[in-house]
Number of protein chains: 2
Amino acid sequence: MTLLPQSSTALKRPGRLRADLHGELLEELRDLIVEGELPAGSRVAERVLCERFGVSRTPLREALKVLAAEGLIELLPNRGARIARLTAEDIAQTLKVIGTLEALAGELACERLTADEVVEIRALHLEMLAHHARRDRPAYFKANQAIHRAIVAASGNTVLAQTYAGLSGRIRRARYAANLDLRRWDEAVAEHERILDALTARDGAQLARLLRTHLDNKSYALAAHSPEALA
Amino acid sequence: MTLLPQSSTALKRPGRLRADLHGELLEELRDLIVEGELPAGSRVAERVLCERFGVSRTPLREALKVLAAEGLIELLPNRGARIARLTAEDIAQTLKVIGTLEALAGELACERLTADEVVEIRALHLEMLAHHARRDRPAYFKANQAIHRAIVAASGNTVLAQTYAGLSGRIRRARYAANLDLRRWDEAVAEHERILDALTARDGAQLARLLRTHLDNKSYALAAHSPEALA
DNA sequence: TCGTCATTGATTGCATGCAAAAATTATAGT
DNA sequence: ACTATAATTTTTGCATGCAATCAATGACGA
């Protein structure tokens with residue numbers, strides 16, 4: 001009765017491949033952190049996460065180690081995990097790097113952009129304008145991210161795209177939480193207009209410049225306006 | 001006799017803190033891969049690594065997951081780990097990103113370089129020249145890396161430094177294995193001379209340009225001369 | 001001889017167990 | 001009452017065990 005615990009336990013997640021657990025766990029944990037369900041700085045006990053996801057500690061711990069390597073959480077020796085607390089400095093530094101990566105992506109993209117890609121990015125841009133008109137921040141945020149991701153993807157450099165995704169993920173929480181003020185919002189949209197122009201004209205140098213300053217401005221706005229969102 | 005296995009086993013590593021195992025394992029595994037002891041593309045069984053390091057599978061697997069997330073190895077579902085095989089394209093893409101990061105680092109560094117840091121980098125540079133004069137490739141390689149790391153560190157941007165370290169680690173194996181030809185070697189040293197000049201003059205824009213082209217040239221040389229080193 | 005399928009052995013993925021460390025509570029002394 | 005120390009509970013870190021999957025070998029039939 002006490003034996004054969006594995007097959008009799010309620011832990012098993014239904015309809016999932018054995019080897020997919022790790023990837024799935026990572027996804028779900030990342031979501032949990034990014035959505036802010038686990039507040040920054042709070043300690044998370046393995047046990048509660050195990051019950052939350054219905055897995056044992058072994059795969060969960062493997063996922064935690066990966067998240068720690070990615071910088072999403074901190075692992076305190078013998079004291080478990082803690083959601084990484086982002087300082088304003090962390091965000092500023094990360095945005096600086098992201099800005100440079102996007103600038104490179106813009107340069108590379110201009111050398112190989114297909115017409116289809118331009119069409120798609122323009123469509124995303126128009127969607128974003130609609131969300132801006134409605135003052136729908138969450139939808140705007142999503143469309144905005146999609147545009148930047150699309151530009152990075154269009155660079156054709158997968159290492160660049162991966163690195164970008166990693167850094168973006170690290171600060172997505174803060175960016176999501178940050179409410180930009182209306183003036184900065186309008187400015188950002190105007191910048192995006194020029195970004196789209198440079199992209200359409202395949203002007204790599206100009207696009208790189210625009211993306212870099214766009215991110216620098218974002219950094220400034222974030223620090224000036226929403227320091228409390230960084231905790 | 002068969003019970004109490006933990007305290008009676010020979011597995012225990014002496015003189016090590018309990019919580020340090022993970023970090024140490026990561027280090028040693030990384031070394032093993034970078035030094036090329038585990039050839040690229042080869043599959044590695046958990047078991048042999050366990051015996052090699054004297055640990056059980058649990059901490060080893062945690063380390064493998066992290067290395068996989070870093071891109072040093074690939075995890076095949078149900079079939080263990082394989083040392084990542086770097087294609088020429090992988091290297092080129094990575095060097096492109098590294099070049100951009102170094103350029104940013106140079107720019108930032110010029111704005112905050114202390115006199116001490118310049119002295120230190122100049123010293124490293126002179127050491128590197130000595131190794132070049134002796135045609136001591138391994139020593140040159142080390143000094144060269146140290147200079148680039150120092151510039152990145154001088155940027156004061158830890159996110160940048162971490163990202164840089166991660167990408168560097170991923171391709172260090174290939175860079176180490178690659179023998180640059182003498183002409184390219186001399187060119188590289190000449191480029192470093194100009195890099196040091198820009199650094200001393202705190203000319204950030206120039207330094208950024210130099211670093212970017214320095215890396216672009218490295219990429220070209222690597223692809224042209226040592227494609228076999230990439231496997 | 002070759003290809004298909006079954007059987008065996010090895011390896012991975014995950015759950016659990018045990019001991020060390022930390023956190024918490026209880027107890028004693030001032 | 002309050003701090004300090006001891007006992008207890010909880011949590012973490014690692015080792016091990018079991019079942020699923022994969023790799024290898026052999027039997028069988030064409």
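Numbered from 1 within each chain, the chains take letters A, B, ... in sequence-line order.
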Any Ser56(A) side-chain N or O less than 4.0 Å from OP1/OP2 of dA15(C): yes
One pair to check against salt bridge (Lys or Arg N to Asp or Glu O under 4.0 Å): Arg61(B) and Glu62(A). What are the steps and the verdict? CA-CA 8 Å; Arg61(B) 282 172 54 78; Glu62(A) 290 174 354; 3.3 Å; yes
Residues which pass side chain to side chain contact (heavy atoms under 4.5 Å, CB included) with Asn144(B), listed by chain and number, not counting sequence neighbours: Met128(B), Tyr140(B), His148(B), His192(B), Lys218(B)
Sequence neighbours left out, what passes salt bridge (charged side-chain N to carboxylate O under 4.0 Å, His left out) with Glu51(B)? Give chain and number order. Arg47(B)
Rounded to whole Å, please give me the gap between CZ in Arg47(B) and C1' in dA10(C). 11 Å
Nearest to the side chain of Ala45(A), which nucleotide is it out of dT12(D), dT12(C), dC14(C)? dT12(D)
Looking at DNA chain C, which of residues 61-72 of chain B put a heavy atom within less than 4.0 Å of it? Arg61(B)
Quickly work out the Glu46(A) CD to dT11(D) P distance and round it to whole Å. 10 Å
Separation of Leu76(A) atom CG from dT12(D) atom P, in whole Å? 10 Å
Tell me, please, which residues at least two apart from Arg82(B) pass side-chain hydrogen bond (donor to acceptor under 3.5 Å, both in side chains). none
Protein N or O to nucleotides 5-7 of chain C N or O, pairs below 3.5 Å:
none

Results of salt bridge (charged side-chain N to carboxylate O under 4.0 Å, His left out) for Asp216(B) - residues two or more places apart only: Lys96(B)
What's touching nucleotides 22-24 of chain D from the protein side, N or O pairs under 3.5 Å?
| from | atom 1 | to | atom 2 | distance (Å) |
| --- | --- | --- | --- | --- |
| dA23(D) | OP1 | Arg79(B) | NE | 3.1 |
| dA23(D) | OP1 | Arg79(B) | NH1 | 3.0 |

Could you tell me which residues satisfy side-chain hydrogen bond (donor to acceptor under 3.5 Å, both in side chains) with Asp136(A), sequence neighbours excluded, listed by chain and number? none
Per-pair distances, 0.1 Å, donor-acceptor, side chain in residues 30-40 of chain A, under 3.5 Å, sequence neighbours excluded:
| from | atom 1 | to | atom 2 | distance (Å) |
| --- | --- | --- | --- | --- |
| Arg30(A) | NH1 | Glu70(A) | OE1 | 2.4 |
| Arg30(A) | NH1 | Glu70(A) | OE2 | 2.7 |
| Glu37(A) | OE2 | Arg52(A) | NH2 | 2.5 |

Provide, to the nearest angstrom, the distance between the CG atom belonging to Leu60(B) and the P atom belonging to dC14(D). 12 Å
Between dT11(C) (P) and Arg82(B) (CZ): distance, integer Å: 17 Å
In this structure, how many angstroms lie between the C1' atom of dC14(C) and the CG atom of Leu21(A), rounded? 8 Å
In this structure, how many angstroms lie between the P atom of dT21(D) and the CG atom of Leu75(B), rounded? 17 Å
So, using salt bridge (charged side-chain N to carboxylate O under 4.0 Å, His left out) as the criterion, who are the partners of Arg172(A) when residues are at least two apart? none
Below 4.5 Å, heavy atoms only, C-beta onward: do Arg175(A) and Phe141(A) meet side chain to side chain? yes
Which residue pairs pass the side-chain hydrogen bond (donor to acceptor under 3.5 Å, both in side chains) test when at least one of the two sits in residues 150-163 of chain B, sequence neighbours left out? Gln93(A)-Thr158(B), Arg170(A)-Gln162(B)
In whole Å, what is the span from the CG atom of Leu49(A) to the P atom of dT11(D)? 12 Å
Kindly write out the residues that satisfy salt bridge (charged side-chain N to carboxylate O under 4.0 Å, His left out) with Glu117(A), not counting sequence neighbours, or none if the list is empty. none
